[in-house]
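Notes to accompany the following structure.
In what follows, chains carry the letters A, B, and so on, assigned in the order in which the sequence lines appear, proteins first and then strands, with residues in each chain numbered from 1. Here the structure is a predicted model, which is why all the values come from computation and not from measurement.
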Amino acid sequence: MKRAAIEECFRRLREANPAPRTELEYGSVFQLLVAVMLSAQATDRSVNLATARFFPEHGTPEGLLAMGVEGLTEAIRTIGLYKTKARNVIRTCELLLERHGGQVPDRREDLEALPGVGRKTANVVLNTAFRQPAMAVDTHIFRVSNRTGIAPGKTVLAVEQALLRRVPKEYLLDAHHWLILHGRYVCVARKPKCPQCPIADLCDYPDKTRLD
DNA sequence: ATCCCGAGGG
DNA sequence: CCCTCTGGAT
C-alpha cells in the first residue's frame, strides 16, 4: 500500500475512534502489566472477568504475593495457560520489589527481564503507560498489517519495524489501538467484514487473497 | 517447532 | 467439531 493510502487509512480509523484505549481494565501501571501478561492467547473479556476478582483487594505486588501462586492460580483458572501465567506473575512481583522498588520499569530491557514478559508485552506497557512510540504486534495487528498491506512482514518483528517505518508520526502513538480495534471488530480473522470496513477501498485484500 | 490451555463463536 | 483470542519460554 502506498504511503498516501496508509495516511488516509489512519485518518479514517481516527475518525471512527478519536480517543482509542485498551479494553483491558486496570487502575495502575502495575495492573496494566499484569493484565497484559494474562492476555496472552486470551480475550480481553476473559481477562477482565478474572482480574475483577483480585485487583480490588490484591492489585499491588504485595497484594498478589499475599495470595500466593495457589491463590492466583485459582483466581485465573478461567483463562488459558493459567499455570504458567500465575507462576510468572508472582515471580514478576518479587522481582519488581527486589529490583525496582515495587514500580514498573519504563525501559524495554528491564521489562523483558521479567518472566512472562516478552517483546510484545513490553511494547504495550511502553506505549500505553509511558507513551513511547512502540508498536506491539499481536495476533490482530499481524493479521491486519499483512492483509491490508499497511505493513506486510513475515515475522512479528518485521511487521513491527515496517509499522514504525510506514505509519505517519502523527498517528504512531495511537496506531496500536486503532489497528487492534479494527482487527477485533471489523478485520476479524475468519470472515472479515469488508462491506462495513471504512478502509476497504484502500485495502489490498479484496484484490489479492480472495478465498470466498 | 512445541508446549501451555480455558472460553466463546461458528 | 474446529478456530481464535492483545505470547513467551524452551
Side-chain angles (χ1 to χ4, degrees), chain A residues 13 17 20-26 29-54 69-70 72-93 95 104 108-148 150-151 153-160 163-164 167 172-193 209 211-212:
Chain A
L13 291 175
N17 198 338
R21 183 191 165 292
T22 175
E23 293 184 349
L24 289 171
E25 287 158 18
Y26 62 98
V29 179
F30 170 73
Q31 291 183 6
L32 171 66
L33 172 63
V34 173
V36 177
M37 290 177 73
L38 297 181
S39 72
Q41 301 292 286
T43 59
D44 277 4
R45 193 181 106 75
S46 76
V47 172
N48 290 335
L49 225 57
T51 54
R53 292 178 203 133
F54 61 92
V69 185
E70 307 79 9
L72 183 58
T73 301
E74 193 52 39
I76 66 172
R77 195 173 286 282
T78 50
I79 307 179
L81 318 180
Y82 60 88
K83 285 184 187 171
T84 311
K85 287 173 180 175
R87 218 181 316 120
N88 285 336
V89 168
I90 291 296
R91 182 64 187 137
T92 286
C93 289
L95 290 174
V104 176
R108 172 187 306 286
E109 185 186 354
D110 295 331
L111 286 166
E112 291 189 14
L114 302 168
V117 180
R119 188 175 184 87
K120 182 260 167 182
T121 299
N123 277 331
V124 173
V125 173
L126 289 173
N127 178 19
T128 301
F130 300 115
R131 300 311 287 170
Q132 293 180 30
M135 285 296 319
V137 179
D138 54 46
T139 178
H140 293 302
I141 297 190
F142 185 78
R143 179 181 66 251
V144 172
S145 297
N146 275 299
R147 187 184 274 167
T148 58
I150 287 176
K154 291 186 173 146
T155 66
V156 292
L157 189 59
V159 169
E160 175 183 335
L163 284 168
L164 289 173
V167 177
L172 199 53
L173 230 36
D174 288 319
H176 169 72
H177 290 120
W178 281 316
L179 292 172
I180 210 163
L181 292 173
H182 185 63
R184 181 175 300 162
Y185 295 114
V186 182
C187 196
V188 295
R190 295 251 196 130
K191 202 171 171 243
K193 303 172 182 175
T209 37
L211 297 177
D212 51 345

In short, Ala129(A) meets Leu32(A) closest at the heavy-atom pair CB-CD2, 3.9 Å
Within this structure, what is the CD-to-C1' distance between Glu74(A) and dG6(B), rounded to whole angstrom? 13 Å
Range on DNA chain C touched by chain A, heavy atoms, distance below 4.0 Å: dC2(C) to dA9(C)
Name the one of Val34(A), Ile79(A), Thr121(A), Val47(A) that satisfies side chain to side chain contact (heavy atoms under 4.5 Å, CB included) with Ser39(A)? Val47(A)
Asp44(A) CG to dA7(B) C1': how many Å, rounded? 14 Å
Show the nearest heavy-atom pair for residues Leu163(A) and Leu172(A), with the distance to one decimal. O-CD1, 4.2 Å
Which heavy atom of Thr73(A) sits nearest to which heavy atom of Tyr82(A), and what is that distance? CG2-CD1, 3.7 Å
Would you mind classifying the nucleic acid contact of Ser46(A) as base, sugar-phosphate or nothing, using non-hydrogen atoms under 4.0 angstrom? nothing
Whole-Å P distance, dT6(C) and dG10(B): 15 Å
Which part of the nucleic acid, if any, lies within contact of Arg143(A), taking any heavy atom under 4.0 Å across all strands shown: a base, the sugar-phosphate backbone alone, or nothing? sugar-phosphate
Please give me the minimum heavy-atom distance between Arg21(A) and His177(A), naming the atom from each residue. C-CD2, 4.0 Å
When you measure from the side chain of Lys193(A) to the backbone N and O of Val186(A), does any donor-acceptor pair fall under 3.5 Å? no
Which heavy atom in Thr51(A) sits nearest to a heavy atom in Glu25(A), and how many Å separate them? OG1-O, 4.3 Å
Pull out every residue in residues 78-85 of chain A that has a heavy atom closer than 4.0 Å to any atom of DNA chain B, ordered by number, or say none. Thr78(A), Ile79(A), Gly80(A), Leu81(A), Tyr82(A), Lys83(A)
Is there a residue in residues 117-125 of chain A whose heavy atoms reach under 4.0 Å of DNA chain B, and which residues are they? none
Rounded interatomic separation in angstrom, taking CZ from Arg190(A) and P from dG8(B): 16 Å
Is it the case that the side chain of Arg108(A) and the backbone of Leu126(A) share a donor-acceptor pair, with hydrogens and angles ignored and the cut-off at 3.5 Å? no
Please tell me whether Thr139(A) and Arg184(A) have a donor and an acceptor in their side chains that are separated by less than 3.5 angstrom. no
In terms of the nearest nucleotide of DNA chain C, which residue is placed more toward the 5' end: Asn88(A) or Thr43(A)? Thr43(A)
Of all heavy-atom pairs between Pro192(A) and Arg147(A), which one has the smallest distance, and what is that distance? CB-NH1, 3.4 Å
What is the nucleic acid contact for Ala189(A), judged by heavy atoms within less than 4.0 Å: base, sugar-phosphate only, or nothing? sugar-phosphate
Starting from C1' on dC4(B), measure out to CD1 on Ile76(A) and report it in whole angstrom. 12 Å
Would you check, one step at a time, whether the test side chain to side chain contact (heavy atoms under 4.5 Å, CB included) holds for Leu111(A) with Val125(A)? CA-CA 9 Å; Leu111(A) 286 166; Val125(A) 173; 4.2 Å; yes
Below the 4.0 Å mark, does dG8(B) have OP1 or OP2 next to a side-chain nitrogen or oxygen of Arg45(A)? yes
Which part of the nucleic acid, if any, lies within reach of Arg184(A) when heavy atoms closer than 4.0 Å are counted: base, sugar-phosphate only, or nothing? base
